[in-house]
Every structure is written in C-alpha cells, then in structure tokens.
Amino acid sequence: MTAIAHSAPNSNSTASMPLARSLSVTSLSALEEWDEEFDLEDAVLFEIAWEVANKVGGIYTVIQTKARLTSEEWGENYFLVGPYTESNVRTQVELIEPTNPALKRTIDKMNANGCKVYFGRWLIEGSPYVVLIDVAFTAWSLDSWKSELWENCGIGVPWFDREANDAVLFGFLTAWLLGEYAAQCEEPPHILAHFHEWLAGLGLVLCRTRQLPVATIFTTHATLLGRYLCAGNVDFYNNLSEFNLDKEAGDRQIYHRYCLERSAARCAHVFTTVSQITAHEAEALLKRKPDIVTPNGLNVKKFSAMHEFQNLHAQSKNRIQEFIRGHFYGHLDFNLDKCLFLFIAGRYEFSNKGADLFLEALARLNYLLRVNHSDVTVIAFFIMPARTNNFNVETLKGQAVRKQLWDTAHTVKEKFGKKLYESLLGGQLPDVSKMLDKEDFTMMKRAIFGSQRQCQPPICTHNMLEDSSDPILTCIRRIGLFNSATDRVKVIFHPEFLSSTSPLLPMDYEEFVRGCHLGVFPSYYEPWGYTPAECTVMGIPSISTNLSGFGCFMEEHIADPSAYGIYILDRRYRSVDDSCNQLTSFLFQFCQQSRRQRIIQRNRTERLSDLLDWRYLGRYYISARHMALAKAFPETYCYEPHDPTATQGFRYPRPASVPPSPALSRHSSPHHSEAEDDDEDEERYDEDLEAEKDRLNIRQPLSLSPRNKSNLPYSPSTSASNGSSPPSSITSQPSSLSSEKT
C-alpha cells in the first residue's frame, strides 16, 4: 500500500478521501513513504487503555514500549489515559500539574463535579504524560450510567460482573474527559482517541453516540469470544464462520462483554488488530474487517547487547546451571555441558498456550533420546503463575545443600592452596599425599553423605494449592516424566513469575531467557506472541505456530525461518497428533545440533531483532492515525491508500551458508566424521558476509523528532539506492563464535 497523507487547507480535498474504503496491511513493504508532510500541529492524541501504568497483561508491554516513539511523533500533544491505582502510581508515576491549559481546565472541572482525575508523567522511556482516572471514586454513578447505556445502546451489564462494571465506569469517564476537553478548547480541536481492548471500548461508543468531534481508533489485541472458545477445546479456526455468536457468548456468560467489544469495533473510524490471524478472527466474530494490521514491537535497544549477547548467554546459562546443581543434588548423573535448557512462559492457559502439546512432545523426545543413546539432556522449564502457598521445602533444601558443598570445597581449596604456597616458598615440590589431612577427608565425606537423596528431584518448585487437579501436574503423571535417572528429559514447573530477589532462582525474566537455548511456544490461541519476540531480540531461537501472530509475521518476511532460529509449527492444517510429531521433530533436530551450529543460529536470530523494533513497526500505527484523522476531519486531512502489488514485498532470503539443522546438512554417505562436518561448516559459514546481505533486507527505522513528521518510512529500494547506513545494532554486529562456550 502506498499511503499519501497531507494537510488540506480547504474542504475541496474531501472528495479525494474514499471514506468507505477498507484497507488491510500485512507486510512491511505495504507502507511506502508519505509524499508530503502530514501536519499534526493542531491535533491531540489520547491513547486510552486499562493497562496504562497498570500491569495486567501484554497490552501493558505494547503501550509501555511504544510510548517513546509516539512521544517523539506527537511531542506535548500526546496523553495516555488509564485507571488510577495508588500502588502503581506510587512507583511508576510522577504527579505534576497539567501543562496543556485546556486539559488543566478539563481536569479541574471534572474534579469539581465529583471525579478524581490525576495528571503526571509515566516514568518509562519517553516519559509520556498520563491522565489517571479514579474509577472507584465515581462508583456512585454506576447505576445511572448503566441505565443510559441500556437506553442508548441496548447493552445491559449484570451487577455481579465487577470487571464489566469497571469498564462501564472507565468508559463514561473517558468520554466525559474527551467531551470536556473539546469544550474547553478555544478553537475547534482535532482530537484523536485510540482505544485498546473492550475494557476501554465503551468510551469510543459513547464518543460516537454523543457525536463528539473525536477521531477514533479501536485496537483489539485478542477477541473475547475467541479466547473463550479456544479454551473450550473446539476446532476454532476451521469453524470460524459456523459459530452462533450470540449463543456462544451467552453460554459463557460474557454476552454483555461481547456486545461492548463488538460495538467498539463497529463504531470506530479505524479498526485495527495485531496480526493477520486475528484479523480473520475479528472479521468472523466482530463482523468487521480490520482496516490495518498493527503488529506489536519492542524497544530493541533495551534487549540488544550488540556483540556481547553471546557472552551474556553464557553468563546467564551459568546461573541456571547453578540452580540445576542444587535442584538435582544427589541425582546429578548428567553432563551439564551437554544440557539444553528449554522453556515455555506466559499466562497459565494450559491448552491456549500449548503447554499440553509441549508436554506430549517432551515425552516423545525423551523416548527418541533414549533409544538413540544420546548423551544430551534436556531440561524443560514451565514458567506459568498458578496458585501456591509457598516454596517446596525439598527445592529450598537442594539450594542449601549446593551452597554447603560449595562452602566445603572452598574451605578445602583454601587449606590446600596455603600448603602448596608454603611448600613452593621452601623450594620443594609438594608431596600430594600430605596436602590433605584426615580432617579434610572427613569434612568432604560428611558433605557427600549429606548430599544423598532417597527421593526423585521435585518437578514443581512450589506447593500447589490444587495439586491433584493441576493440568500440568496431571499431564506429567500421565506421561511419566518424573525426573528419573533414565529420563533424558527433565521437567521443572516454576508456578510464579521470575524475580531477581527470589531465594530459589534469583534471576529476572530477561536474564533467564538469555541463559536458555530454546523457547517453545506451541500456542493454539496467540494473537501476537511477545514471548517468542523477546527471544528473537535476545538472540534465542524459538518455536511458535502458524496460529500465532508472531509466527505468521515471521513466515511472511523470512524465506526460511528455521535457518534463522524461528521454527513455525503447523497447528492450523494438521491434526493434534501430527502437530505433536512435528514439534518432536523440531526438538530432536535441535538436540542434534553441534555447539557451533547453535552459535551460528543464535547469530542469525539476533540479526532479526530490528524486524521487531518499534522504529519499523510503528509505521502501522502512524498510518492508522492518519487514516482516522482523514475520516473524521476530511476538510483538513486527506489520506489516499493504494493497494500493494505482489512484487512490493520483501523477505529475508535463505542464508547462503550451511544450514544449522543437522538433518539438512548431512552428507549423502553415512561414512564421515563430525570433524569433516565442522571443516565444511568452517568453509561455508561467513558471519560478516551473511550479516552484510541481511542488511539489504531491512529498512531504515523511523527517526521522528518531536512535532516533526517529515522523516517518514520509505521503500527498501529507495534506502538501498541512497546508500543510507543500516541500524547500529546490525552494523556493529561482529562474529562472536570465538567468545561462546555453549
């Protein structure tokens, strides 16, 4: 799509704006450069979400990481709107006086009429302004607002649904805020309001029913009904057009929520969603095709460690190994240097997140490793928060035993070193038989006896409140992965979020991900997928599916995703058993890789990080905002979309050097040595050459100074012809093969 947006001083330009046009953007190349500047000087952007300065789920990450780029584009005219939560404000927000005179008058008037509205700066990158509304303070208006919602929109909200009640209060308060701001402006304002998810969507509906001068955007990050249906083990994607939507929502007691979400999607000037797979879902369930697909990005600089990322992997891996030494004390009968760390993380949705498929594949992988007499050990971590009452005593004891053994070894080492030093000072070679006395041997024997263990290493690190009915533990009992000595696959279930202050595994999530070898996310329902995206920007290979937004996005922009460490599992066109076999094959091939092949793959994975940077993906949101302004204010703004041609797309090509998968790089003859493979790898792999070729397949990022929108996206062909320099995180990426130890 070629987007041309400019400011039109007269109303005659409205004829060129096809307001009924529906546009779907799916590829990075679909947004060409704007031919003229889109003047936003008189426009104000309000971005409204329940997760502004209020971490609940993935939308918090979207808004937090995108804030810097949006602040650069809109400057002082960008305001985030969210709920006031005292505990969050205390640690994340600096309360100040409003800098915008019209907004100050708006907040003062709302506070004088029985509201509590706060203004401040959110202490994140970009330091955006935030308007926080105390929803509970206006709960006295809930009944009257529910009556108005029923009379004007025909939507009834039951009294017992607290989350929906909060959505009603938040929606009416945000509509009040926008309407009051429009009234307080001295000149007719160009207000743009971007609403995220159904919890904020009612404010959009009220803006349209009250005919406020506001351009509106609604972004759904996952449909309500879709999430509920997928959790019910139905063949969701192959039956999208067959569902009786009202009945399905009513059966799950979410009909009122579904009505709020569908109303917001239908009323918005521009409707967006985060991936193409969710766009199909939204079209079927919400009965509107998204105008633009807006993929989620990350601030890559936060995760990128330049050429040090391989060293950071080794350092973090060593910390995980220390935990493993304690967790498996008494049964540490495997080589940690030939141990691979796999993990799955996210909300505890057993089927939606693919934990069921992952466990079944691990059982099959365990069988393959055993029958092939592999010396590789796989340790799979499940990082999914569940209800617990404390740490498992046996798990804590393991870390205490490990520390005791370390202290004993350190004491003996000190005594040994002192005697060795004194012997060398005397000009004599030491008598090794006299370096350790009887007391030292007694101390070491006591330490060894103290590390004996009669039971198997624990699977769960915590005491579960519902142990007998927990889905993960129930499945583990069925497949028989009990961390026994004969198992080549070990399982550790950590049912809480990682923290650097934990006495058990003192690592934050980013450090833990860096230390693992592979992230496994075989989700059945994953509108985007931040977990594999975070793996990518940290140079860690991952497995996702063609039902996740991330997986579809990578399939579209990379000719051979697996060569770059992005394995795409087919869960849409295969049966569950076939998908499980494919996942098992991915895992077994990964276990067969040599150390060098894993290093090559991590280098390639890390080079994809800029593909996920907001500096690239932010252009989708820019296009959506321009489209909304043009639809709401056609006398001032004009936006002319053009359909992209098939030749406009660009993809990362397949690397010219040896592929990392051993299944693809074997000789046709069975008579060859591993050394021969390594020699051939050395000849065919050139890190600098591959990186140079990959630079040609990525655009220059957006570089927006405050209130300056002249430097907007342009096509890759223009970038190449002008000889512009690529992003710094790619240009300074050297070969790091020699610095890696795993």
If we ignore angles and hydrogens, is there a donor and acceptor under 3.5 Å between the side chains of [X] and [Y]?
X	Y	result
Thr605	Gln601	no
Tyr228	Asn352	no
Ser562	Asp560	yes
Tyr567	Gln582	no
Trp50	Glu197	no
Thr278	Ser275	yes
Thr545	Ser523	no

Checklist entry - Can Arg615 and Glu72 be said to form a salt bridge (Lys or Arg N to Asp or Glu O under 4.0 Å), step by step? => result CA-CA 11 Å; Arg615 295 287 181 181; Glu72 290 176 4; 2.7 Å; yes
Does [X] pair with [Y] as a salt bridge, N-O distance under 4.0 Å?
X	Y	answer
Arg347	Glu526	no
Arg602	Glu606	no
Glu283	Arg288	no

Can you find a pair of side-chain heavy atoms, one from [X] and one from [Y], that are under 4.5 Å apart?
X	Y	result
Gln597	Gln592	no
Leu229	Phe243	yes
Lys66	Glu47	yes
Leu547	Tyr525	no
Pro290	Phe218	no
Ser542	Phe521	yes
Phe170	Ile48	yes
Val293	Gln276	yes

Next on the checklist: So that I know where these two stand, are Tyr258 and Trp198 an aromatic pair - ring centroids less than 6.0 Å apart?
Outcome noted: no
Item to check | Derivation of the side chain to side chain contact (heavy atoms under 4.5 Å, CB included) call for His517 and His313 | outcome: CA-CA 9 Å; His517 296 93; His313 165 74; 4.0 Å; yes
Look up atom [atom1] in [X] and atom [atom2] in [Y], then write down how far apart they are to the nearest 0.5 Å.
X	Y	atom1	atom2	value
Ser316	Glu510	OG	CD	8.5 Å
Arg604	Ile599	CZ	CD1	12.5 Å
Leu481	Cys475	CG	SG	8.5 Å
Cys516	Arg514	SG	CZ	12.5 Å
Leu245	Leu225	CG	CG	6.0 Å
Glu51	Tyr60	CD	OH	9.5 Å

Checklist entry - How far apart are the C-alpha atoms of Glu360 and Arg364, what are their side-chain angles, what is the distance that settles it, and do they pass the salt bridge (Lys or Arg N to Asp or Glu O under 4.0 Å) test? => result CA-CA 7 Å; Glu360 184 63 38; Arg364 300 181 186 188; 3.5 Å; yes
Side chain of [X], backbone of [Y]: donor and acceptor closer than 3.5 Å?
X	Y	answer
Asp577	Ser579	no
Tyr620	Val274	no
Asp508	Ser499	no

Item to check | side chain to side chain contact (heavy atoms under 4.5 Å, CB included) assessment of Ile472 paired with Leu359 | outcome: CA-CA 8 Å; Ile472 287 180; Leu359 281 168; 4.3 Å; yes
Checklist entry - For Tyr524, which of Phe358, Phe350, Tyr237, Phe236 qualifies under ring-ring contact (aromatic ring centres under 6.0 Å, His included)? => result Tyr237
Next on the checklist: Quick one, Phe553 with His557, criterion ring pair (Phe, Tyr, Trp, His ring centres under 6.0 Å). Give me CA distance, side-chain angles, the key distance, then yes/no.
Outcome noted: CA-CA 6 Å; Phe553 181 82; His557 295 99; 4.4 Å; yes
Item to check | Test side chain to side chain contact (heavy atoms under 4.5 Å, CB included) applied to Phe271 and Thr220, step by step | outcome: CA-CA 8 Å; Phe271 175 44; Thr220 179; 3.6 Å; yes
Checklist entry - Going through the distances and angles, do His221 and Asn296 end up as a side chain to side chain contact (heavy atoms under 4.5 Å, CB included)? => result CA-CA 9 Å; His221 297 260; Asn296 292 332; 4.2 Å; yes
Checklist outcome for this item: What one should report as the nearest heavy-atom pair of Arg571 and Pro522 is NH1-O, 2.7 Å
Checklist outcome for this item: Looking only at heavy atoms, the pair that brings Gly519 and Ile540 closest together is N-CG2, 4.3 Å
Next on the checklist: So, using side-chain hydrogen bond (donor to acceptor under 3.5 Å, both in side chains) as the criterion, who are the partners of Glu511 when residues are at least two apart?
Outcome noted: Arg319
Next on the checklist: Restricting to ring pair (Phe, Tyr, Trp, His ring centres under 6.0 Å), what partner residues turn up for Tyr621, sequence neighbours left out?
Outcome noted: His194, Trp614
Checklist entry - Under the ring pair (Phe, Tyr, Trp, His ring centres under 6.0 Å) criterion, do Phe512 and Phe381 qualify, and how do the steps go? => result CA-CA 10 Å; Phe512 175 79; Phe381 290 88; 5.2 Å; yes
